[in-house]
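One structure is given here, and the rest of the page talks about it.
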Amino acid sequence: MIRASAVALATLLASTSLTSVSMAQTPASSPAPASGGFATSDATDPYLWLEEVEGERAMEWVKAHNERTFAVLQGDPRYETLHQQALEIVQAQDRIPSPGFTHDGHIDNFWQDAQHVRGLWRRTTLDSYRSATPEWQTILDIDALAAAEGQNWVYKGSTCLQPEERYCLISLSNGGKDAVTLREFDTVERKFVDGGITLPESKGGASWIDKDTLLISRDFGPGTLTNSGYPMVVKRMKRGQTPDEAETLFTGQPTDVSVSGYTLRDADGVVKATLINRSVDFYSSETWRLGDDGALTQLQLPAKSDITGLVQGQLLVSLKQDWTAPSGQDFKTGDLIAWPLEAWLADQATPAQLVLRPTERQAIEGVNVTRNRLVVALYDNVRGSVRIYTPGQDEWAHTTLDLPQNVSVGVGSASEKDDKVFVSVTGYLNPSSLWLADAATGAVDQVKSMPAKFDAAGMTVDQHEARSADGTMIPYFVVHKADMPLDGSNPTLLYGYGGFESSLLPGYSATVGKLWLERGGVYVIANTRGGGEFGPRWHEAALQQNRQRAHEDFQAVALDLIARDITSQPKLGIMGGSQGGLFMGAMLTQRPDLINAAVIQVPLFDMLRFHKLLAGASWIGEYGNPDIPEQRAWIEQYSPYQNLRAGQPYPEVFIHTSTKDDRVHPGHARKAAARLEELGYPVLFYENVDGGHAAGANLRETARRLALEYTYLSRRLMDTPAQE
């Protein structure tokens, strides 16, 4: 999905075998300009009314389409079995509880199951967590809270005041929206603080300075949000003040994506710097330091970089561009560097140390810090390892954890009390396992493992490469039964995303396994440009005017699958969501001759208006600005909504979205379906009235969506004869 803050133990991946590189060529597709000027202006878009999210006419349209789609898909005899299987998986009690270290070494977890569909925030000791049956203490029951208050609350996380972490700001979303209400909670008393801090619903956040002081970035009224709909103002709010009474510290520009404030703390929870981040666009930002006297000083960091941690007084920064530092040192895109924080704040010409420089086929996929060590998930050709780095006088020494090979790894929560860190390990056919590592000694111990959720006997994983239109080799994974016939007869689902430097790393998916692979389907994951599988350069190769390269990469993988006789057009379907939904739209409009199904999830589709809808303006850094003629020209070439035409071999597609999605506007999906129907094509459309950008506010809604998707895919790909 399009980038948002997330707290998760990474789930990861692996492939089990390699096959030869394919040399199949992809014909260079050059999409035609938008047809007949359709929807190239508001005056020529007949479906603008569908952008009125909860408008009466629009919701009547949604209801009618939901009813039709339910009749078709829920009426299929396979639906109920798939639904029950999905429900059993998402509500399973034997999942690994994702652990988060508290400052004192306890373990927190947020848990959802059949009895707690909204979820429990709960806590236990590390020793108890490592046992087969941990003894959990409930901190906050979201189901009980929603019932007591008559609200459709979805838990969006907590921000706790270090080092005690007694007082926390709880983020509660109405139905899954990105916008949240913040309420102060006492984790000792296990209740909301009487008369405590409460901030009304808004996108944005808040960060503790001390018990009575917050940095807040919210909707403060007219003129305080960016064009993207995110906060433009950071304030310092004292306990007892209203947001309006709080002191304004920083104001960005309407063209910014957002601004926010946070504190940089050491392992003891002591504030070492109070910082304000100004996101100029999705990838470029400024970092300002707030002095004790209230003065702001801009830190001399490259525009494309991220502060990733503080360990033993060393500030860690990852670079997304080549850069000459004030010290005169030259660094490369992808480098991880470090400065002694206090010396650097006093003199930003202080030399930095190079911690890690990935090779062309490597990428840093995760960074965390324990009390004394730096922990890095480093991938080489989409296979992971975990390195432990220790600061030194002249260089950072590193060791590699002794973990299973040829897998995906994820660096999870790290302890600030000592050097323990959780690491997840998984493969496409290997159930996820959780390991506890001691970064000081290198010792690792498997503490949890998932039981198999589908029968993987006789299945294997291959990694191939396809040659894209410009000659670049695009890796992709194929998960399948080992005895799969190479005659084009295999129902095949090709998944892609291709943007925002998000890597598609192999991982165990119980639902893909049970609802697709076990039933004879083939699952394919394309590691196209636009993602981050080989670092920032892999992403930048498909930015803005080069977006079409990513579309050609995806087409190349489809062509390669057909050339290898793994599948054929009647048996090939595609799936992707958000930016991936745009990916699916481009494939539909450019190479419909290659596919017989498309699951288009919470998509971007009208790329001439994406920047005017909800958070869309924040993605100009990825796509370009349709208001600038030169940039509009390249966007118009591939924008799916404008490029839908009559007389094309479009398959019946399944498009779904959520009314409560306040990130990618549901109008994209609605208008796509309406235009396809106008042109005479069959369409299945489903809109969840809750759910937010993840399209599922609770586990039952998630199970329904999964069952609808795989029923559709079964109808399109398993019921259709293979191409002769």
Side-chain angles (χ1 to χ4, degrees), residues 5 7 100-112 116 118-125 136-221 231 233-249 260-263 265 268-271 274 413 416:
S5 296
V7 179
F101 277 109
T102 64
H103 195 79
D104 65 0
H106 280 76
I107 301 298
D108 275 10
N109 167 253
F110 185 71
W111 181 258
Q112 294 173 285
H116 310 95
R118 298 178 187 274
L120 296 171
W121 178 19
R122 56 188 191 171
R123 179 170 295 172
T124 190
T125 65
W136 295 101
Q137 293 185 334
T138 298
I139 298 173
L140 179 61
D141 184 330
I142 306 300
D143 294 87
L145 177 68
E149 298 185 349
Q151 298 288 333
N152 186 18
W153 289 133
V154 175
Y155 177 72
K156 291 280 189 172
S158 62
T159 301
C160 299
L161 174 61
Q162 294 181 342
E164 295 84 2
E165 296 185 336
R166 172 174 179 171
Y167 296 101
C168 302
L169 295 173
I170 307 297
S171 295
L172 297 171
S173 162
N174 175 16
K177 294 187 291 186
D178 284 354
V180 295
T181 298
L182 295 179
R183 292 162 62 178
E184 187 178 8
F185 188 82
D186 185 334
T187 62
V188 174
E189 297 292 333
R190 310 284 167 90
K191 66 178 185 179
F192 289 101
V193 176
D194 291 337
I197 296 167
T198 299
L199 296 174
E201 181 180 88
S202 170
K203 291 184 180 180
S207 180
W208 296 94
I209 295 178
D210 56 45
K211 185 176 183 295
D212 296 314
T213 315
L214 295 174
L215 290 170
I216 60 173
S217 51
R218 317 289 293 165
D219 181 353
F220 298 112
V233 175
V234 175
K235 293 187 177 187
R236 178 164 48 196
M237 188 179 82
K238 295 288 187 178
R239 186 178 296 277
Q241 287 183 324
T242 66
D244 288 341
E245 294 169 338
E247 175 191 4
T248 297
L249 298 176
S260 60
Y262 64 100
T263 54
R265 297 174 184 263
D268 294 316
V270 177
V271 176
T274 300
S413 183
E416 296 169 326

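All values below were derived from every heavy atom in this structure, side-chain atoms included, with hydrogens, water molecules and symmetry-related copies excluded. Because the structure is a prediction, the values reported are computed rather than measured.
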> Does some side-chain heavy atom of Ile216 sit less than 4.5 Å from a side-chain heavy atom of Val233?
Replying inline: no
> Can a salt bridge be assigned to the pair Glu247 and Lys235 using a cut-off of 4.0 Å between side-chain N and carboxylate O?
Replying inline: no
>> Quick test of your reading of the model: are Lys203 and Asp219 salt-bridged, counting only N-O distances below 4.0 Å?
In response: no
> Where do Thr274 and Tyr262 land on the side chain to side chain contact (heavy atoms under 4.5 Å, CB included) test, with the steps shown first?
Replying inline: CA-CA 6 Å; Thr274 300; Tyr262 64 100; over 6 Å; no
>> For a 4.5 angstrom cut-off between non-hydrogen side-chain atoms, does Arg183 reach Leu172?
In response: yes
> Taking atom OH of Tyr155 and atom CH2 of Trp111, what is their separation to the nearest 0.5 Å?
Replying inline: 15.5 Å
>> Taking the side chain as everything from C-beta on, heavy atoms only, tell me whether Ile170 gets closer than 4.5 Å to Leu140.
In response: yes
> Are any non-hydrogen side-chain atoms of Trp121 and Cys168 less than 4.5 angstrom apart?
Replying inline: yes
> Looking at Arg118 and Glu149, does any basic side-chain N land under 4.0 Å from a carboxylate oxygen?
Replying inline: no
>> Testing Asp108, Asn109, Thr138 one by one against Arg122 for a side-chain hydrogen bond (donor to acceptor under 3.5 Å, both in side chains), which residue passes?
In response: Asn109
> If we ignore angles and hydrogens, is there a donor and acceptor under 3.5 Å between the side chains of His103 and Glu165?
Replying inline: no
>> Looking at Tyr167, I'd like to know if the NZ or CZ of Lys211 sits under 6.0 Å from its six-membered ring centre while staying within 45 degrees of the ring's axis.
In response: yes
>> Whether Glu184 and Arg239 form a salt bridge (side-chain N of Lys/Arg under 4.0 Å from carboxylate O of Asp/Glu) is what I want to check.
In response: yes
> For residues Lys238 and Thr213, is any side-chain donor paired with an opposing acceptor at under 3.5 Å?
Replying inline: yes
> Do Leu169 and Leu214 pass the side chain to side chain contact (heavy atoms under 4.5 Å, CB included) test, and can you show the C-alpha distance, the side-chain angles, and the key distance before you say yes or no?
Replying inline: CA-CA 10 Å; Leu169 295 173; Leu214 295 174; 3.9 Å; yes
>> Please evaluate residues Asp186 and Lys191 with respect to the criterion salt bridge (charged side-chain N to carboxylate O under 4.0 Å, His left out), reporting the C-alpha separation (whole Å), side-chain torsions for both, the decisive distance (0.1 Å), and the verdict.
In response: CA-CA 6 Å; Asp186 185 334; Lys191 66 178 185 179; over 6 Å; no
> Can Thr102 and Asp104 be said to form a side-chain hydrogen bond (donor to acceptor under 3.5 Å, both in side chains), step by step?
Replying inline: CA-CA 5 Å; Thr102 64; Asp104 65 0; 2.5 Å; yes
> Does the side chain of Asp143 come within less than 4.5 Å of Trp153's, by heavy atoms?
Replying inline: no
> Mind checking whether Arg123 and Thr187 have side chains closer than 4.5 Å, heavy atoms only?
Replying inline: yes
> Going by an N to O cut-off under 4.0 Å, is there a salt bridge joining Glu201 and Lys177?
Replying inline: yes
> With Arg190, which residues qualify under salt bridge (Lys or Arg N to Asp or Glu O under 4.0 Å), at least two apart?
Replying inline: none
